[in-house]
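Here is how names work: the chains are called A, B, and so on, in the same order as the sequence lines, proteins then strands, and each is numbered from 1. The analysis underlying the following values was restricted to heavy atoms, covering all of them including side chains, and did not include hydrogens, waters or symmetry mates.
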Number of protein chains: 2
Amino acid sequence: MARSGYGSKKKVLHHGASQLASGGLDDASSFEVLGAIANYKTGDKEVRAGQDIVRLGERCDVIYALVAGWAFLYSLLQDGQRQILQFALPGALLGLDLLGGGHATYGVEALTDVTVSILPQKALEPLSRNHPQIGLLLAGLASRDRLLSYDHLTSIGRRSAHERVAHLLLELFVRSHAQWPGHLIEEMHLPLTQEHIGDATGLTGVHVNRVLQDFRREKIVEFRYRRLRIRDPDRLADIANIEPQMVRAWIRHRQPD
Amino acid sequence: MARSGYGSKKKVLHHGASQLASGGLDDASSFEVLGAIANYKTGDKEVRAGQDIVRLGERCDVIYALVAGWAFLYSLLQDGQRQILQFALPGALLGLDLLGGGHATYGVEALTDVTVSILPQKALEPLSRNHPQIGLLLAGLASRDRLLSYDHLTSIGRRSAHERVAHLLLELFVRSHAQWPGHLIEEMHLPLTQEHIGDATGLTGVHVNRVLQDFRREKIVEFRYRRLRIRDPDRLADIANIEPQMVRAWIRHRQPD
DNA sequence: CGGCTGTTTGAATAGACTCAAAAACTGTGG
DNA sequence: CCACAGTTTTTGAGTCTATTCAAACAGCCG
């Protein structure tokens, strides 16, 4: 699909930046849920980077709340190809929808060493009885995930490789910075390999590499060895063709305004 | 990615067919919600085929319950490309997540003439207070949508054109038959153009056409003018590489077993 | 210093796209 | 029942983006 140039939106990242000022964590309202959950959880669990938190196809009747670290949801095809469905940052609830007889339809792997709280799925009913607002909150969380997923769908389905990669980097950048607002804005730790980026964007690792080289050459982004450095935010947002709407969804779940 | 042959799963469709025997409508548990909603809705609305139910970017503070007809969720890029995010069958709730200041981040268009019930978003709070179980039900609905979306992501991100098209046809076939179990199983009405299929699978209409011709030539599926005829279900399921897990998610929302 | 994981490079290939035009089908109204 | 306008499908040729396969290179850790 031949596109003339990359797009035309300006200053989107600054929209984002101003949003960031309001603080708040990724999946912000999930912390309300987490608070209520505290009494119902049966314990914590540590998982090493690279290990599965939820194994694919495994019977699973608990929900995990990601307390610390990064993880990602993925599905596998029988020929071994992997599709990364979503990246989870602290505050995310994992395994909410392992319906279909309780067997996980997708896996969750720890990207860094992580800590999760364990909540039996059975606890949901009493939990929601005692905290009437929690059902709607959970619905909101799931809806927000759905929205992110729709965004990825659009990206993978209709955008060029360059756009997809830019889009993903920007999303991760914004979401992660919503968590640690204090950190340096130009450079951040991003615990991914190029292969991960490929699996998330529906591209080959090799091709992701070539795209990243283009970005580096054009002094837009430098991504090397788990370190992301955004040198020209506007240009990147331009390429990624972000809607300010979506930036808001990245940052927080419910919009008070 | 060169794949040898198409896959190897057998009889998946029959799994599905046996599931169908249990009856039930698409988004089955949404009917529980719909029941409770009845008292809160402010009216019904008819929308003609091809018209928007929710216009993209429009401020929108109501939820629609799709009572009759087909619709689809879509997003648009500024160059005019469209990505279809999901097909909605009767029983679906539309517009649950128009957060971000209440502006729709995606549009919903009627595929056939449809009827929707209108529920003000404000009504959710009191509704969930009076029906404590409804929050979790909504969360379940949203989770199920998320699951479908993940499935599409995997499809678009990692599968070949043939696989994607087969996958979509099979999904629509199964979901639609879960609604009208009585109907003839080999042939059904599918109110789509090849362009729609393209927009849903991340392909060009032209290329979808060539894929469909292959299927026709191989006597697997015939799709012409809104009529879908599955001539070799096993072969199709084989190509689509369906997991039985997912078939269950297509059919109903909560699995009692 | 290996060994491992991750990145980079090159050349050849292929799957899907573009553009454009023709054909087939549908529904409508005379 | 036919003609017409508007969709939708079909076809062909040429192009291009992203892939494959393979090998070399670089950084990291014990």
Side-chain angles (χ1 to χ4, degrees), chain A residues 1-6 48-51 77 79-83 109 111-112 155-166 168 189-217 221-228 239, chain B residues 1-6 48-50 77 79-83 109 111-113 155-166 189-217 221-229 239:
Chain A
M1 209 146 282
R3 281 180 212 75
S4 48
Y6 284 131
R48 314 246 75 174
Q51 298 298 307
L77 307 189
D79 60 1
Q81 290 189 95
R82 178 174 69 175
Q83 174 67 43
E109 184 178 321
L111 210 45
T112 62
S155 207
I156 295 187
R158 288 295 182 218
R159 296 207 242 254
S160 73
H162 287 256
E163 292 173 299
R164 291 187 222 175
V165 173
L168 179 66
H189 177 70
L190 230 201
L192 305 177
T193 67
Q194 299 184 352
E195 203 73 37
H196 284 125
I197 297 179
D199 285 343
T201 51
L203 300 167
T204 309
V206 174
H207 198 244
V208 168
N209 180 274
R210 302 199 226 262
V211 170
L212 287 175
Q213 286 180 58
D214 288 346
F215 286 165
R216 211 176 300 149
R217 205 171 308 120
V221 191
E222 285 174 19
F223 176 76
R224 270 172 109 144
Y225 284 104
R226 279 133 221 237
R227 200 132 272 289
L228 174 69
I239 295 171
Chain B
M1 205 146 283
R3 282 178 212 77
S4 48
Y6 282 131
R48 314 246 75 178
L77 308 189
D79 60 2
Q81 290 189 98
R82 177 174 70 174
Q83 174 68 43
E109 184 178 321
L111 210 45
T112 62
D113 292 352
S155 206
I156 295 187
R158 287 294 181 220
R159 295 207 241 254
S160 72
H162 287 254
E163 293 173 299
R164 290 187 223 176
V165 173
H189 177 69
L190 230 201
L192 305 176
T193 67
Q194 300 184 353
E195 203 72 38
H196 283 125
I197 297 179
D199 285 343
T201 51
L203 299 168
T204 309
V206 174
H207 199 245
V208 167
N209 180 274
R210 304 200 223 260
V211 170
L212 288 175
Q213 286 181 57
D214 287 347
F215 287 165
R216 211 176 301 149
R217 205 171 308 122
V221 193
E222 284 173 20
F223 176 76
R224 270 173 111 146
Y225 274 95
R226 283 136 219 230
R227 202 132 271 288
L228 175 68
R229 178 173 186 179
I239 294 172

Minimum-distance nucleotide to B:Val206 side chain [options: D:dA22, D:dA18, D:dG12]: D:dG12

Sugar-phosphate only, base, or nothing, as touched by B:Arg164 at under 4.0 Å among non-hydrogen atoms: nothing

Short side-chain N/O contact to D:dT7 OP1/OP2 from B:Gln194, under 4.0 Å: no

Atom-pair distance (NE2 on B:His207; P on D:dC16), nearest Å: 18 Å

Touch class at under 4.0 angstrom, heavy-atom based, for B:Leu203 against every strand present: sugar-phosphate

Backbone N/O of A:Gln83 and side chain of B:Arg158: donor-acceptor pair under 3.5 Å: no

Spatial distance of atom CG (B:Asn209) from atom CZ (B:Arg216) [nearest 0.5 Å]: 7.0 Å

A:Asn209 CG to D:dA23 P, straight-line distance once rounded to whole Å: 19 Å

N or O in side chain of B:Thr204 less than 4.0 angstrom from C:dC17 OP1/OP2: yes

Length of the CG-P vector between A:Leu190 and C:dG6, whole Å: 15 Å

Distance in Å, B:Phe223 CZ paired with B:Thr193 OG1, rounded so as to fall on 0.5 Å steps: 7.5 Å

Presence of A:Arg216 side-chain N/O under 4.0 Å of C:dT7 phosphate oxygens OP1/OP2: no

Distance in angstrom units between B:Glu222 CD and D:dT9 P, rounded: 15 Å

Atom pair CZ/CG of A:Arg159 and B:Leu77 - distance to nearest 0.5 Å: 5.5 Å

Nearest-angstrom distance from the residue atom CD1 of B:Ile156 to P of C:dA16: 13 Å

From CD (B:Gln194) to CG (B:Leu203), nearest 0.5 Å: 12.0 Å

Touch class at under 4.0 angstrom, heavy-atom based, for A:Arg226 against every strand present: sugar-phosphate

Residue B:Thr193, side-chain heavy atoms: nucleotide from D:dT8, C:dT9, D:dT19 that is nearest: D:dT8

D:dG27 OP1/OP2 closer than 4.0 Å to side-chain N/O of A:Arg227: no

Sugar-phosphate, base or nothing in reach of A:Gly202, heavy atoms under 4.0 Å: sugar-phosphate

d(CD, B:Gln213; C1', C:dA16) in whole Å: 15 Å

Value in whole Å for how far the C1' atom of C:dT5 lies from CD of A:Glu195: 11 Å

Interatomic distance, B:Tyr225 OH vs C:dT26 C1' [rounded to whole Å]: 6 Å

Position toward the 5' end of DNA chain D (nearest nucleotide), A:Arg224 or B:Arg217: B:Arg217

Donor-acceptor pair (no angle test) under 3.5 Å: B:Arg210 side chain, C:dT18 base: yes

